[in-house]
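The structure under discussion appears below in the form of structure tokens.
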Amino acid sequence: MKSVRQVAIADHLWEALGRMADEMGVDREGLLNQAIHVYARLHGYVLTGGAFEPRTEPPGAPRGPRPASPPRGNSERLAVAERVLQTAARLERAIHERTPGAGPPPLGEPAGTAPSLSLRRDDGSEWEVARDRFLIGRGRHCDLVIDSAKVSREHAAIVRDGDAWFIEDLGSANGTWHDQERIQRRRIEDGDEYFVCAERLRCGLR
């Protein structure tokens, strides 16, 4: 049985989900359900009779993913289901990379080897981006704090994705800008300049 749910999903993840569904020839709803299935399985839950049920190991027993039962049907359906599961796992890893404190990517895959990234402000100060998710904003918890009322508390983030760096706007009121265009997510190239409101950040890769 399926019920209609209302869930807020980041725009860039929803767009990525649509592209993956188109490439694989499946609908976005089916792919999203498979992603939730993979996430539940990786965290110790299984699907039984259409409902999530917790594992029943005794307290203290090591937790790990249970093997999934292969879908039944002809060879073509098996191939499609396998591709859906692989893509859902990719989506789940992307969610991990964009969630603070989520830990390393699942399934044992490496996070990637992106080049070193530095940010330089107009006052000459410079930051080395050494984390997979580097927060920029007005909040004191951010990695790069910009003390301006026009800057949102969590304004933008720089994230490592495989062997590349990306800058993402976090739904800020005044936007993140590149070459006089407001951006949502963009791959960072050496020499790029981004504006967080009036604050210019020059990017260097090496």
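What you see is a predicted model; the values in this text were computed from it and never measured. We count residues from 1, following the sequence as given.
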Under a side-chain separation threshold of 4.5 Å, the hydrophobic residues clustered together with Phe134 are Leu117, Leu119, Trp127, Val129, Ile136, Leu144, Ile146, Val151, Ile158, Trp165, Ile167, Ile183, Ile188, Tyr194, Val196, Leu201, Leu205
Does anything in residues 142-155 pair up under side-chain hydrogen bond (donor to acceptor under 3.5 Å, both in side chains), and if so which pairs, sequence neighbours excluded?
Arg131-Asp143, His141-Glu154, His155-Ser172
Flag, side chain of Arg120 to backbone of Gly124, donor-acceptor distance under 3.5 Å
yes
Excluding sequence neighbours, so at least two apart, what forms salt bridge (Lys or Arg N to Asp or Glu O under 4.0 Å) with Arg186?
Asp192
Looking only at heavy atoms, the pair that brings Thr176 and Ala156 closest together is OG1-CB, 3.7 Å
Kindly say whether Ser125 contributes a backbone atom to a donor-acceptor pair with the side chain of Asp123 at under 3.5 angstrom?
yes
Pairwise distance CZ(Phe195) to CZ(Arg200) - rounded to 0.5 angstrom:
4.5 Å
What pair of heavy atoms forms the shortest contact from Ala164 to Ala114, and how long is it?
N-CB, 3.8 Å
Note, Glu199 side chain near Asp122 side chain (heavy atom, < 4.5 Å):
no
Please give me the minimum heavy-atom distance between Arg121 and Arg202, naming the atom from each residue.
O-NH1, 4.5 Å
So which heavy atom on Arg182 is nearest to which on Ala173, and how close?
NH2-O, 3.5 Å
Looking only at heavy atoms, what is the nearest atom pair of Ala130 and Arg160, with distance?
O-NH2, 4.0 Å
